[in-house]
A.B. asks: 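Handing you this structure, nothing more for now.
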Amino acid sequence: MRWPAAKSGGLGVTAVAYVAIDYLRILSPTWHERLQPVLWSLLALAAVMRVPYYRHWSAEFRAAIPFLASMIFMLSALLFEALNVRFVTAVMGRDWHNGRPPLPDTGQWLLLALNEKLPEAVVEILRAHIIGLHHYLMLFIMLAFSVLFDSVKAPGLGLGARYMFTMAVGRLLRAITFASTIVPSARPWCASSRYGIIPRHPHRWAQKYYVPYAADTEAIRQVIVRDMAYVDTSNYIADYRPDWGSMSFLIDFLRPNTSEGSSWYSLLKLAGGGCNDLVYSGHMLVAVLTAMAWTEAYGGYSSALIWLLVMHSAQREVRERHHYSIDCLVAIYVGILLWKMTGFIWSAKGGTRDSRLAKLGKIQGRLLQAAKDSDMDEVRELLKDVELGNQEGQKQGPSKVMWLFASGTIFFSLTIVILAFTWTSDG
């Protein structure tokens with residue numbers, strides 16, 4: 001089913017206007033300051049005026065609990081990710097980051113080669129900071145609120161729950177992925193400029209299991225044959241160890257400094273984006289999920305435009321060496337696949353024309369009889385039943401599967417933390 005506002009393209013025009021007006025911050029800051037408040041005022045006024053006429057509040061209330069659960073799940077995933085960002089940056093020490101050259105990236109080579117071949121105007125467009133992370137988040141918020149105008153299928157909170165739940169799973173998978181293998185940054189100076197206070201030497205785990213076998217070919221061969229860390233590294237360089245009480249097991253992961261605050265949480269706020277390469281790109285994951293949500297919920301030319309912006313963001317991430325090409329490619333694969341897997345939370349397919357026709361077929365006899373009897377009240381009641389039945393699947397669909405999936409993922413994360421705590425305690 002095509003929703004009424006989708007036919008007029010109102011949401012697509014609004015999205016284009018938002019991105020274009022915000023880009024004026026670079027082209028003409030004065031006009032940006034004038035037009036941006038006008039745009040937001042108009043959008044807020046339009047939304048408020050539509051609230052009294054919104055017909056799907058019951059569906060929104062049913063989706064509220066999954067929405068809140070997804071939000072808590074996403075915040076937990078972001079905390080887990082922040083712990084891992086700090087760990088992979090600090091475990092090797094600042095000297096390792098400074099002395100490690102970037103990996104060869106053929107995607108970077110391709111972009112540099114295109115700079116020589118393409119017209120200067122095209123290259124400038126590719127370099128332009130047209131869209132960023134906050135734009136994709138705002139585009140999704142606009143999409144979710146467009147349920148007020150019947151532009152997308154209600155409930156908006158259901159769509160939001162799916163977006164945040166998918167984001168949380170993607171963030172957990174990302175954290176596990178980049179913590180598994182530490183990849184040098186495409187910007188070697190990052191650690192010194194952003195993390196100048198982390199220890200210069202590697203953590204004792206790296207001193208024992210990595211440093212003796214990092215460059216010596218014979219040592220690497222021997223550790224493969226023996227399958228045992230055989231070099232004596234008993235004289236570790238010690239780290240500062242504050243008293244964090246029950247959270248002291250995090251010291252080995254976060255490697256705090258005396259000037260970074262008295263708590264583990266204050267230290268995590270300094271984590272930023274990390275200073276080694278984080279496979280896969282978190283920015284691209286957000287961009288892809290926004291594009292997937294827009295494509296399924298709304299469609300049309302505006303979806304194609306958002307995908308073009310996603311591709312623009314990907315090449316700029318590589319061009320500016322925030323990520324390697326593989327990070328952006330994997331983020332696109334993962335984002336698409338994860339969105340396809342979480343349709344049990346919210347799906348645009350529930351309101352399709354075919355499903356409505358199927359429901360009408362079931363009551364065809366009663367509907368014809370009511371029409372013959374000129375019983376318009378009965379006709380209205382039957383058609384109302386079709387509309388309500390079309391939303392019935394939203395009452396139960398996401399709950400059981402969603403709770404099982406969320407509980408399983410959280411249980412897996414807690415298991416990792418408990419094992420890490422046991423390991424560090426024994427050590």
A.B. asks: Rounded to the nearest 0.5 Å, how far apart are CZ of R171 and CG of L338?
C.D. replies: 12.0 Å
A.B. asks: Could you report the tightest heavy-atom contact between V88 and A179, atom names first, then the distance?
C.D. replies: CG1-CA, 3.6 Å
A.B. asks: I'd like to know whether CZ of F145 has more than 12 heavy-atom contacts from other residues, nucleotides or ligands below 6.0 angstrom.
C.D. replies: no
A.B. asks: Could you tell me whether the side chain of Q108 reaches within less than 4.5 Å of the side chain of L111, counting heavy atoms only?
C.D. replies: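 Contact flag for L111/Q108 side chains = no.
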A.B. asks: Output, in order, the C-alpha distance, side-chain angles, deciding distance and verdict of side-chain contact (heavy atoms from CB on, under 4.5 Å) for S281 and E317.
C.D. replies: CA-CA 9 Å; S281 170; E317 288 286 308; 4.1 Å; yes
A.B. asks: Check L137, T342, L143 against Y163 for a side-chain contact (heavy atoms from CB on, under 4.5 Å) and give me the one that passes.
C.D. replies: L137
A.B. asks: Can you check whether Y333's main-chain N or O pairs, donor with acceptor, with Y280's side chain at less than 3.5 Å?
C.D. replies: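 The answer is no, because no donor-acceptor pair under 3.5 Å joins these two groups.
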A.B. asks: Between the side chains of H201 and D239, is a donor N or O closer than 3.5 angstrom to an acceptor N or O?
C.D. replies: yes
A.B. asks: About how many Å separate OH of Y210 and CE of M92, when rounded to the nearest 0.5 Å?
C.D. replies: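 The OH atom of Y210 is 5.0 Å from CE of M92, to the nearest 0.5 Å.
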A.B. asks: Answer yes or no: are there more than 12 heavy-atom neighbours, outside I326 itself, under 6.0 Å from its atom CD1?
C.D. replies: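 Open.
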A.B. asks: For the atom pair CG (L159) and CZ (F67), what is the distance rounded to the nearest 0.5 Å?
C.D. replies: 10.0 Å
A.B. asks: Centroid-to-centroid, W346 to F165, below 6.0 Å?
C.D. replies: no
A.B. asks: Between N115 and R319, do the side chains contain a donor N or O and an acceptor N or O under 3.5 Å apart?
C.D. replies: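 Present: a donor and an acceptor within the cut-off.
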A.B. asks: Salt-bridged, E296 to R162, with N to O below 4.0 Å?
C.D. replies: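 Answer for the salt bridge query: yes.
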A.B. asks: Would R200 and W96 count as a cation-pi pair here, with the cationic atom under 6.0 angstrom from the ring centre and within 45° of the axis?
C.D. replies: no
A.B. asks: What pair of heavy atoms forms the shortest contact from S325 to V318, and how long is it?
C.D. replies: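 Taking every non-hydrogen atom into account, OG-CG1, 3.5 Å.
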A.B. asks: Does S302 reach the main-chain N or O of G12 with its side chain, forming a donor-acceptor pair under 3.5 Å?
C.D. replies: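 Side chain of S302 to backbone of G12, a donor-acceptor pair under 3.5 Å: no, none is there.
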A.B. asks: Taking all non-hydrogen atoms of both residues, which atom of L139 and which atom of W294 are closest, and how far apart?
C.D. replies: O-CZ3, 3.2 Å
A.B. asks: Could you go through the side-chain contact (heavy atoms from CB on, under 4.5 Å) check for R316 and H322 one step at a time?
C.D. replies: CA-CA 8 Å; R316 195 161 58 81; H322 297 297; 5.7 Å; no
A.B. asks: If you take the centroid of each ring, where Trp contributes its six-membered ring, are Y213 and Y230 closer together than 6.0 Å?
C.D. replies: yes
A.B. asks: Please walk me through it: do L337 and M292 pass side-chain contact (heavy atoms from CB on, under 4.5 Å)?
C.D. replies: CA-CA 10 Å; L337 292 174; M292 289 296 293; over 6 Å; no
A.B. asks: Taking E320 as the fixed residue, which of Q315, H129, R127 is the one that meets the side chain to side chain donor-acceptor pair (under 3.5 Å) rule?
C.D. replies: H129
A.B. asks: Are H56 and Y54 an aromatic pair, judged by ring center distance below 6.0 Å?
C.D. replies: yes
A.B. asks: So which atom in Y324 and which in A186 form the shortest heavy-atom distance, rounded to 0.1 Å?
C.D. replies: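 Closest heavy-atom pair between Y324 and A186: OH-N, 3.7 Å.
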A.B. asks: Under 3.5 Å, side chain of D216 to main-chain N/O of P212, donor-acceptor pair present?
C.D. replies: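 Between the backbone of P212 and the side chain of D216 there is no qualifying donor-acceptor contact (under 3.5 Å).
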A.B. asks: Side chain of H135, backbone of G132: donor and acceptor closer than 3.5 Å?
C.D. replies: yes
A.B. asks: Please tell me if the side chains of S313 and Y136 come closer than 4.5 Å, counting only heavy atoms from C-beta onward.
C.D. replies: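 Counting from C-beta outward, S313 and Y136 do come under 4.5 Å.
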A.B. asks: Would you say V147 and K153 make side-chain contact, with heavy atoms under 4.5 Å?
C.D. replies: no
A.B. asks: Sub-3.5 Å donor-acceptor pair from the side chain of H323 to the main-chain atoms of A314, do we have one?
C.D. replies: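 Not at all, since once roles are kept as given, no pair shorter than 3.5 Å links the two residues.
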A.B. asks: Do side-chain atoms of R86 reach the backbone of L254 as a donor and acceptor pair under 3.5 angstrom?
C.D. replies: yes
A.B. asks: Of the non-hydrogen atoms in T14 and L43, which two are nearest, and what is the gap between them?
C.D. replies: CG2-CD2, 3.5 Å
A.B. asks: What distance separates T290 OG1 from I141 CD1, expressed to the nearest 0.5 Å?
C.D. replies: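 Result: 9.5 Å between the selected atoms.
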A.B. asks: Can a side-chain donor-acceptor contact be found between D277 and S185 if the only test is distance below 3.5 angstrom?
C.D. replies: no
A.B. asks: Using 0.5 Å steps for rounding, measure from the SG atom of C190 to the CZ atom of R321.
C.D. replies: 14.0 Å
A.B. asks: Would you indicate whether the side-chain heavy atoms of S248 and D243 approach each other to under 4.5 Å?
C.D. replies: yes
A.B. asks: To the closest 0.5 Å, what do you measure between CG (D327) and NE2 (H283)?
C.D. replies: 12.5 Å
A.B. asks: Does any part of the side chain of K340, heavy atoms only, come nearer than 4.5 Å to the side chain of T166, both counted from C-beta?
C.D. replies: no
A.B. asks: Can you name the closest pair of heavy atoms from Y240 and P256 and give their distance?
C.D. replies: CD2-O, 3.6 Å
A.B. asks: Check the pair M167 / L289 against side-chain contact (heavy atoms from CB on, under 4.5 Å), numbers first and verdict last.
C.D. replies: CA-CA 8 Å; M167 185 85 68; L289 292 182; 3.9 Å; yes
A.B. asks: Please check if the side chain of R94 supplies one atom and the backbone of P199 the other of a donor-acceptor pair under 3.5 Å.
C.D. replies: no
A.B. asks: Taking the side chain as every heavy atom from C-beta outward, state whether S303 and Y301 have any pair of such atoms under 4.5 Å apart.
C.D. replies: no
A.B. asks: Below 6.0 angstrom between ring centroids: does that apply to W40 and Y18?
C.D. replies: yes
A.B. asks: Measure from the side-chain N and O atoms of H97 to the backbone N and O of T89, and report whether any donor-acceptor pair falls under 3.5 Å.
C.D. replies: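 Here the side-chain-to-backbone pair exists.
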A.B. asks: With a 4.5 Å cut-off on side-chain heavy atoms, are V183 and R100 touching?
C.D. replies: no
A.B. asks: May I ask you to say whether D252 pairs ionically with R241, meaning some side-chain N is under 4.0 Å from a carboxylate O?
C.D. replies: yes
A.B. asks: Taking the side chain as C-beta and beyond, is there a heavy-atom pair between P184 and P101 under 4.5 Å?
C.D. replies: no
A.B. asks: Donor-acceptor pair, S347 side chain versus G343 backbone, under 3.5 Å?
C.D. replies: no
